[in-house]
*Asks:* 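My structure is below; once you've seen it, I'll send some questions.
The analysis underlying the following values was restricted to heavy atoms, covering all of them including side chains, and did not include hydrogens, waters or symmetry mates.
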Protein chains: 2
Amino acid sequence: MGTRQLETVPEPKYWHLKTVLSEALDSEFAVGEILPNERELAARFGVARATLRQALEQLELEGRLQRRRGVGTTVAPPRMGVAVGTAEQAWPGAAGDPWQPVDCTESAPSAAVARLLGTGPEEAVHIVRRSLVAHGQAVAAELLHVPAASVPALPGIAAGAGAARARAVLRELQHLELDGQDRAVELGSARAEDARELDRLPGAPVLVVTTRYFTASGATAAVSVATYRADTCRLTFDASGDLAIHHDEERQAS
Amino acid sequence: MGTRQLETVPEPKYWHLKTVLSEALDSEFAVGEILPNERELAARFGVARATLRQALEQLELEGRLQRRRGVGTTVAPPRMGVAVGTAEQAWPGAAGDPWQPVDCTESAPSAAVARLLGTGPEEAVHIVRRSLVAHGQAVAAELLHVPAASVPALPGIAAGAGAARARAVLRELQHLELDGQDRAVELGSARAEDARELDRLPGAPVLVVTTRYFTASGATAAVSVATYRADTCRLTFDASGDLAIHHDEERQAS
DNA sequence: AAGTGGTCTAGACCACCGG
DNA sequence: CGGTGGTCTAGACCACTTC
């Protein structure tokens with residue numbers, strides 16, 4: 001990266017800072033190591049703290065750093081691969097599904113989910129909350145929306161609460177024949193509730209995976225909206241049909 | 001969502017601002033409409049411009065707004081769905097592939113790509129640049145890495161330049177038998193080069209899709225690194241096997 | 001030239017975590 | 001309690017687009 005300030009390149013300071021820091025992370029720091037605090041880093045680079053923070057924010061977005069209030073800034077491990085697209089399609093909660101049921105409520109879904117389900121906007125559905133933990137860290141939170149029509153044999157509403165009820169809904173789902181599914185991935189920001197569960201601040205970047213599950217009759221039997229921590233996760237769509245979560249040392253290609 | 005300021009919930013101003021603006025966008029603004037400028041909005045809400053900008057940044061990240069220097073802030077259309085996972089797996093450049101070849105160079109890949117390819121870190125590969133345009137807007141830029149061993153019958157190095165050479169490499173790829181592929185999606189920030197092509201500023205959030213293509217012998221024959229504009233794209237992994245880009249009115253479910 | 005969003009500054013205070 | 005990152009301010013100047 002030689003000197004080339006002679007071109008029409010008034011490179012922003014934070015961008016240059018990010019590059020310098022990124023190279024320093026590669027060569028001079030080990031995973032888990034804590035960096036000097038923001039005030040000292042800013043002084044060392046001769047910039048305002050806000051400018052230094054702009055660079056740190058980018059590096060955190062790229063999964064290179066992890067910042068925690070009251071603690072400090074540490075060098076993040078490489079992103080973990082999380083398998084979300086498997087060849088063997090199965091209902092959520094099938095054998096080997098690593099998601100952990102948390103609880104289950106019954107209420108009206110958001111307008112967007114209602115549209116995907118094809119149900120009326122006022123019609124209540126079962127909403128199963130599940131979470132995905134990998135390497136001791138919560139990496140994703142899911143809201144699984146199941147219309148009552150999909151689980152007709154569900155025991156009465158009072159059939160337990162919390163995780164027990166969630167498991168009951170998932171068990172009933174297995175009785176349906178799954179015909180296919182449909183996935184979309186987009187960038188979002190964590191709602192306050194998800195942020196708490198993912199140990200992030202509200203608004204943290206997340207990858208939102210929306211999955212529609214179809215029955216043999218072609219109807220949408222359930223819709224899952226899963227939010228993955230964008231800073232620590234790389235979603236993998238292997239053809240290998242393996243649900244296992246694996247942690248590897250591959251870095252973002254670029 | 002009643003009033004609950006009595007709890008220990010000192011909600012940040014920018015977060016509240018974002019909520020207010022978001023609701024205003026839903027009810028009072030049409031797609032494409034320009035908002036008042038930042039200085040006026042900040043004054044109207046009684047906050048500093050930096051705080052107002054923090055809210056706008058979040059909304060832009062969520063694909064609700066589009067900001068352009070020298071122009072203004074406009075209400076963004078819903079994200080377009082871009083199909084990236086198709087049941088009928090095919091080599092890049094196959095019939096119906098909407099990607100447009102731009103040019104082709106021959107150089108050493110990044111360390112990360114070299115690892116995926118299984119080639120030596122110094123070994124040069126063909127790097128085909130392609131771009132994806134939808135609705136008159138560039139939505140993605142791709143670097144397709146093809147080791148020389150994958151296209152042995154390629155005419156001499158001087159066989160054209162630019163798009164012509166890119167097409168030649170793609171044509172040769174079709175002669176190989178494709179056995180499978182492997183995808184990963186993660187959040188990244190646009191390199192300066194990608195940012196220019198995507199009409200964004202450097203560092204803009206992008207969805208990075210890394211695809212490995214395998215030959216029947218199990219070797220990695222090519223690696224594609226595609227960066228999609230995270231603000232305007234929703235990646236779809238339909239089982240329908242349709243490469244078409246469709247624009248629909250679905251909003252992020254949340 | 002005028003107006004927009006993008007960058008940068010030098011401060012201040014707050015919420016959170018640890019000892 | 002001290003130290004950390006998170007929020008917020010009130011300015012300034014710059015790069016870009018449009019007229």
*Asks:* Please determine if a side-chain N or O atom of T51(B) lies less than 4.0 Å away from the OP1 or OP2 oxygen of dT7(D).
*Replies:*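 Looking at the OP1 and OP2 atoms of dT7(D), neither is under 4.0 Å from any side-chain N or O of T51(B).
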
*Asks:* Could you check how far CD of E60(A) sits from C1' of dG5(D), rounded to whole Å?
*Replies:*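 So the CD-C1' distance, E60(A) to dG5(D), works out to 10 Å.
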
*Asks:* Atom CG of D199(B) and atom C1' of dG5(C): how far apart are they, to the nearest Å?
*Replies:*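 So the CG-C1' distance, D199(B) to dG5(C), works out to 14 Å.
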
*Asks:* By nearest heavy atom, map P202(B) and G72(B) onto DNA chain C; which one lands nearer the 5' end?
*Replies:*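 The residue mapped nearer the 5' terminus is G72(B).
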
*Asks:* Measure from CD on E38(B) to P on dG5(C) and round the result to the nearest Å.
*Replies:*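 It is 5 Å, rounded to the nearest whole Å.
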
*Asks:* Tell me, do L59(A) and L21(A) make a side-chain contact under 4.5 Å, heavy atoms counted?
*Replies:*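 Answer yes - side chains close enough.
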
*Asks:* Does T73(A) put a side-chain nitrogen or oxygen below 4.0 Å from OP1 or OP2 of dT4(D)?
*Replies:*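 Result: no.
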
*Asks:* For D231(B), what residues pass the salt bridge (charged side-chain N to carboxylate O under 4.0 Å, His left out) criterion, not counting sequence neighbours?
*Replies:*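 By the salt bridge (charged side-chain N to carboxylate O under 4.0 Å, His left out) rule, D231(B) matches R200(B), R229(B).
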
*Asks:* Can you name the salt bridge (charged side-chain N to carboxylate O under 4.0 Å, His left out) partners of E33(B), sequence neighbours left out?
*Replies:*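 Result, salt bridge (charged side-chain N to carboxylate O under 4.0 Å, His left out) vs E33(B): none returned.
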
*Asks:* Where along residues 52-59 of chain B does a heavy atom come under 4.0 Å from DNA chain C, residue by residue in number order?
*Replies:*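 Under 4.0 Å from DNA chain C: R53(B).
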
*Asks:* When you look at CZ of R68(B), are more than 12 heavy atoms from neighbouring residues, nucleotides or ligands closer to it than 6.0 Å?
*Replies:*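 Open: at most 12 neighbouring heavy atoms sit under 6.0 Å from CZ of R68(B).
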
*Asks:* Please determine whether a side-chain nitrogen or oxygen atom of R67(A) lies at a distance below 4.0 Å from atom OP1 or OP2 of dG6(D).
*Replies:*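 Checking R67(A) against dG6(D): at least one side-chain N or O falls below 4.0 Å of OP1 or OP2.
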
*Asks:* Could you tell me how far apart E11(A) (CD) and dC14(D) (P) are, to the nearest whole angstrom?
*Replies:*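 It works out to 18 Å between those atoms.
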
*Asks:* How about V102(B) and E197(B): do any of their side-chain heavy atoms sit closer than 4.5 Å?
*Replies:*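 Side-chain contact under 4.5 Å: yes.
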
*Asks:* Donor-acceptor pair, H126(A) side chain versus V146(A) backbone, under 3.5 Å?
*Replies:*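 No, the answer is negative, given that no donor and acceptor are paired below the 3.5 Å cut-off.
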
*Asks:* Donor-acceptor check, side chain of R49(B) to backbone of E40(B), threshold 3.5 angstrom: yes or no?
*Replies:*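 Side chain of R49(B) to backbone of E40(B): no pair is present.
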
*Asks:* Check the interface with nucleotides 11-13 of chain D: list each N/O to N/O pair with the protein under 3.5 Å, or write none.
*Replies:*
none

*Asks:* Classify the ring geometry of F237(A) against F237(B): parallel below 30°, tilted from 30° to 60°, perpendicular beyond 60°.
*Replies:*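 Rings of F237(A) and F237(B): parallel, under 30°.
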
*Asks:* Going by atom types only, do Q66(A) and T74(A) share a side-chain donor-acceptor pair under 3.5 Å?
*Replies:*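 On atom types as modelled, these side chains do not qualify, holding no pair under 3.5 Å.
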
*Asks:* Output the rounded distance in Å from CG (L35(A)) to P (dG5(D)).
*Replies:*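 Between P of dG5(D) and CG of L35(A): 9 Å.
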
*Asks:* Polar-atom pairs under 3.5 Å, protein N or O versus N or O of nucleotides 1-3 of chain D: list them with distances, or write none.
*Replies:*
| residue | atom | partner | partner atom | Å |
| --- | --- | --- | --- | --- |
| dG3(D) | N2 | G70(A) | O | 3.2 |

*Asks:* Hey, is E60(B) close enough to R64(B) for a salt bridge, meaning N to O under 4.0 Å?
*Replies:*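 No salt bridge links E60(B) with R64(B).
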
*Asks:* If we check side chain to side chain donor-acceptor pair (under 3.5 Å) with K18(A), which of these qualifies: E57(A), E23(A), E62(A), Q54(A)?
*Replies:*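 Looking at E57(A), E23(A), E62(A), Q54(A), the match for K18(A) under the side chain to side chain donor-acceptor pair (under 3.5 Å) is E62(A).
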
*Asks:* Could you go through the salt bridge (charged side-chain N to carboxylate O under 4.0 Å, His left out) check for E193(B) and R129(B) one step at a time?
*Replies:* CA-CA 11 Å; E193(B) 185 184 359; R129(B) 285 207 308 138; 3.5 Å; yes

*Asks:* Is the CG atom of D199(B) crowded by more than 12 outside heavy atoms at less than 6.0 Å?
*Replies:*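 Atom CG in D199(B) is not packed in, count stays at 12 or less.
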
*Asks:* We want to know whether R183(B) and T236(A) form a side-chain donor-acceptor pair, criterion being a heavy-atom distance below 3.5 angstrom.
*Replies:*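 No - no donor-acceptor pair under 3.5 Å links their side chains.
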
*Asks:* Can you tell me how far P of dC14(D) sits from OH of Y14(A), to the nearest Å?
*Replies:*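 Atom OH in Y14(A) sits about 18 Å away from atom P in dC14(D).
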
*Asks:* Using five pairs at each end of the helix from dA1(C)-dT18(D) to dG18(C)-dC1(D) to define an axis, what is the angle between those two axes, to 10°?
*Replies:*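 Answer rounded to 10°: the end axes differ by 10°.
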
*Asks:* Nearest-Å distance, CD1 (I34(B)) to P (dT17(D))?
*Replies:*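 Distance, rounded to whole Å: 16 Å.
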
*Asks:* Between dG5(D) atom C1' and E40(A) atom CD, what is the distance in whole Å?
*Replies:*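 Nearest whole value for this atom pair: 15 Å.
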
